[in-house]
Amino acid sequence: MAVALGRSGWWWCWARRLSAPNGSRMLLFLLLLGSGQGPRQVGAGQTFEYLKREHSLSKPYQGVGTGSSSLWNLMGSAMVMTQYIRLTPDMQSKQGALWNRVPCFLRDWELQVHFRIHGQGKKNLHGDGLAIWYTKDRMQPGPVFGNMDKFVGLGVFVDTYPNEEKQQEAQKRRYSPGVQRVFPYISAMVNNGSLSYDHERDGRPTELGGCTAIVRNLHYDTFLVIRYVKRHLTIMMDIDGKHEWRDCIEVPGVRLPRGYYFGTSSITGDLSDNHDLVSLKLFELTVERTPEEEKLHRDVFLPSVDNMKLPAMTAPLPPLSGLALFLIVFFSLVFSVFAIVIGIILYNKWQEQSRKRFY
């Protein structure tokens, strides 16, 4: 299903089409109109969006660095270029990431991601993809598209290499037509820290949903939008150069805590690609709620999905106090001495009975 683009309002589509010299003034006006933080209606009189600059990033990429004063931090092989931020180059065994330093306390939001994936690799000889994160922890390198495994929060993955399919081919097995997925593939996962991302199966056991997204080596812009409104997660894409959103994933009952961090990461292995981020734009969505919805949509402290049971986190046992440790050691010694005494008494009785038998 394709829907009209709502990328910060109607001005965005027209701004992208205005390239003639006589339209330069109008283009400048429209860009200035769309770049402010004023409200913009995106629904039928119920939803307004506000650009949140502290959670957004676009050219010329000011506020990106490694210091504590930067709004965005780079990690690994990520580097700032003139027209984009390259998370990983088209080289083997690289990983990079970009993380927002400001935790997000918005209740309803929409994240628009402008990205590019391209490289020299031919069909199925490229990898591995990139991820967009909204998680409790930030700047934690790991095996899941350059981020830590068993993360806490939301991960959206643009996976470009079919690991499971290649394993099935190596084992001379075939998928049934209803099960096989076509790559590149977008999927989403909510984790409370107890689940591992299954690389061998391309995250299939834990995915909330997914769709095919042919995003490599395209000559036009590719976009992804993640919208979280009233505990409803929606992911759409604009990858056909038609300036239209296409539905990808829609999941109700997603419960995400506030105060987590936005980020994006990428990784390459034996296969590689250029993974470029052009912009991240976060919008606060103001949505009307009924009193009943206000009660239902209270803050949560651990990510979860309705009708989907995540394994419970096992809390570590609190350390024993000095008194408790002394009592445990004391009673253990008493029990040991008591057992030894009983053992000696039983042994002596057994010896006396043995002597009486000989006499």
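The figures that follow rest on heavy atoms only: side chains count, while hydrogens, waters and symmetry mates do not. Treat the numbers as computed from the prediction; the structure is a model and nothing was measured.
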Inset, instruction - Apply side-chain contact (heavy atoms from CB on, under 4.5 Å) to L106 and R258, showing your working. - result: CA-CA 7 Å; L106 302 182; R258 293 197 272 183; 5.9 Å; no
Legend entry - Same apolar cluster (I L V M F W Y, side chains within < 4.5 Å links), I267/I132: no
Legend entry - E294 and R107 ion-paired at < 4.0 Å: yes
Legend entry - Sidechain-backbone polar pair: D128 side chain, L271 backbone, donor-acceptor under 3.5 Å: no
Inset, instruction - Go through the steps to decide whether D238 and H243 satisfy the test side chain to side chain donor-acceptor pair (under 3.5 Å), and finish with yes or no. - result: CA-CA 6 Å; D238 170 23; H243 312 316; 4.6 Å; no
Legend entry - N147 side chain reached by P141 side chain, heavy atoms, under 4.5 Å: no
Inset, instruction - Please report the C-alpha distance between N163 and H199 in whole Å, then the side-chain angles of each, then the deciding distance to 0.1 Å, and finally whether the side chain to side chain donor-acceptor pair (under 3.5 Å) criterion is met. - result: CA-CA 7 Å; N163 291 287; H199 286 277; 5.5 Å; no
Legend entry - SB check D240 R246 (cutoff 4.0 Å): yes
Inset, instruction - With the side chain counted from C-beta on, respond yes when Y197 and M189 share a heavy-atom pair under 4.5 Å apart, and no when they do not. - result: yes
Legend entry - Distance, nearest 0.5 Å, that separates OG1 of T160 from CG of D273: 5.5 Å
Legend entry - Identified side-chain contact (heavy atoms from CB on, under 4.5 Å) partner of R231 from the options V251, V300, V254: V300
Legend entry - In one Ile/Leu/Val/Met/Phe/Trp/Tyr side-chain cluster, 4.5 Å: I214, Y161: no
Legend entry - Partners meeting side-chain contact (heavy atoms from CB on, under 4.5 Å) with I342 (sequence neighbours left out): F338, L346
Side chains of residues 70-78: which donor-acceptor partners sit under 3.5 Å, not counting sequence neighbours?
unit_1	atom_1	unit_2	atom_2	d
W72	NE1	S56	O	3.2
N73	OD1	R138	NH2	2.7
N73	ND2	G65	O	3.0
N73	ND2	G67	O	3.4
S77	OG	L87	O	3.0
S77	OG	Q95	O	3.1

Legend entry - Considering all heavy atoms, the nearest M237-I186 contact: SD-CD1, 3.9 Å
Inset, instruction - Give the cluster check for Y185 versus I226: same hydrophobic cluster or not, with ILVMFWY residues linked at side-chain heavy-atom distances below 4.5 Å. - result: no
Legend entry - Cluster overlap F105 with L285, hydrophobic side-chain contacts below 4.5 Å: no
Legend entry - Residue from Y260, F157, Y261 passing ring-ring contact (aromatic ring centres under 6.0 Å, His included) with W133: F157
Legend entry - Expected output: side-chain E293 to main-chain T290 donor-acceptor under 3.5 Å: yes
Inset, instruction - Check the surroundings of atom CD in Q120: do more than 12 heavy atoms from other residues, nucleotides or ligands lie under 6.0 Å from it? - result: no
Inset, instruction - Kindly indicate whether the side chain of D159, heavy atoms from C-beta on, has any atom under 4.5 Å from the side chain of S187. - result: no
Inset, instruction - Quick one: sort the W245 and F223 rings into parallel, tilted or perpendicular, breaks at 30° and 60°. - result: perpendicular
Legend entry - Check ion pair R204-D198 (N to O, under 4.0 angstrom): no
Inset, instruction - Grab the two heavy atoms, one from T88 and one from G96, that are nearest each other, plus how far apart they are. - result: CG2-N, 3.6 Å
Inset, instruction - Please assess R216 against H118 for the test side-chain contact (heavy atoms from CB on, under 4.5 Å), listing each intermediate value before the final yes or no. - result: CA-CA 5 Å; R216 287 193 72 252; H118 57 102; 6.0 Å; no
Inset, instruction - Evaluate the side-chain proximity of V156 to I249: yes if any heavy-atom separation is below 4.5 Å, no if none is. - result: no
Inset, instruction - Look only at the side chain of D202 and the backbone of E164, and say whether a donor-acceptor pair between them is shorter than 3.5 Å. - result: yes
Inset, instruction - Quick one: closest heavy-atom pair of G121 and N217, and the distance? - result: O-ND2, 4.5 Å
Legend entry - Heavy-atom side-chain proximity of P89 to N274 below 4.5 angstrom: yes
Legend entry - E207 with R181: basic N within carboxylate O range, under 4.0 Å: yes
Inset, instruction - Would you indicate whether the side-chain heavy atoms of I117 and V158 approach each other to under 4.5 Å? - result: yes
Legend entry - Distance, nearest 0.5 Å, that separates CG of L111 from CZ of F262: 5.5 Å
Legend entry - Smallest separation among heavy atoms of N100 and H55, with atom names: OD1-ND1, 2.7 Å
Inset, instruction - Check whether any side-chain N or O of Q92 sits under 3.5 Å from a backbone N or O of D270 as a donor-acceptor pair, and report yes or no. - result: yes
Legend entry - Co-membership, hydrophobic cluster, residues F115 and M81, 4.5 Å side-chain: yes
Inset, instruction - Walk me through it: do D90 and H126 pass the test side chain to side chain donor-acceptor pair (under 3.5 Å)? - result: CA-CA 9 Å; D90 191 358; H126 48 78; over 6 Å; no
Inset, instruction - Output yes when a side-chain donor or acceptor of S272 lies under 3.5 Å from a complementary backbone atom of T268, and no otherwise. - result: no
Legend entry - Spatial distance of atom OG1 (T135) from atom CG (L154) [nearest 0.5 Å]: 9.0 Å
Legend entry - Side-chain touch L208/V305, heavy atoms, less than 4.5 angstrom: yes
Inset, instruction - Quick one: closest heavy-atom pair of T82 and Y61, and the distance? - result: O-CE1, 3.8 Å
Legend entry - Reported CG-to-CG distance for the pair L130 and L224, which is rounded to 0.5 angstrom: 8.5 Å
Inset, instruction - Any chance you could lay out the side chain to side chain donor-acceptor pair (under 3.5 Å) test for H232 and E250, step after step, and finish with the verdict? - result: CA-CA 7 Å; H232 200 102; E250 189 169 357; 3.0 Å; yes
Inset, instruction - Check step by step if side-chain contact (heavy atoms from CB on, under 4.5 Å) holds for W109 and L256. - result: CA-CA 11 Å; W109 47 265; L256 297 176; 4.3 Å; yes
Legend entry - Salt-bridge contact R255-D306 (side-chain N to carboxylate O under 4.0 Å): yes
Inset, instruction - For residues K150 and L195, determine if any side-chain heavy atom of one lies less than 4.5 Å from a side-chain heavy atom of the other. - result: no
Inset, instruction - Carefully, step by step, assess I235 and D247 under the rule side-chain contact (heavy atoms from CB on, under 4.5 Å). - result: CA-CA 7 Å; I235 298 175; D247 293 335; over 6 Å; no
Legend entry - Gap separating the CE atom of M236 from the CD atom of E244, nearest 0.5 angstrom: 12.0 Å
Legend entry - From CD1 (I85) to CE (M79), nearest 0.5 Å: 11.5 Å
Inset, instruction - Can you see which heavy atom on V182 is nearest to which on T212, and at what distance? - result: O-OG1, 3.0 Å
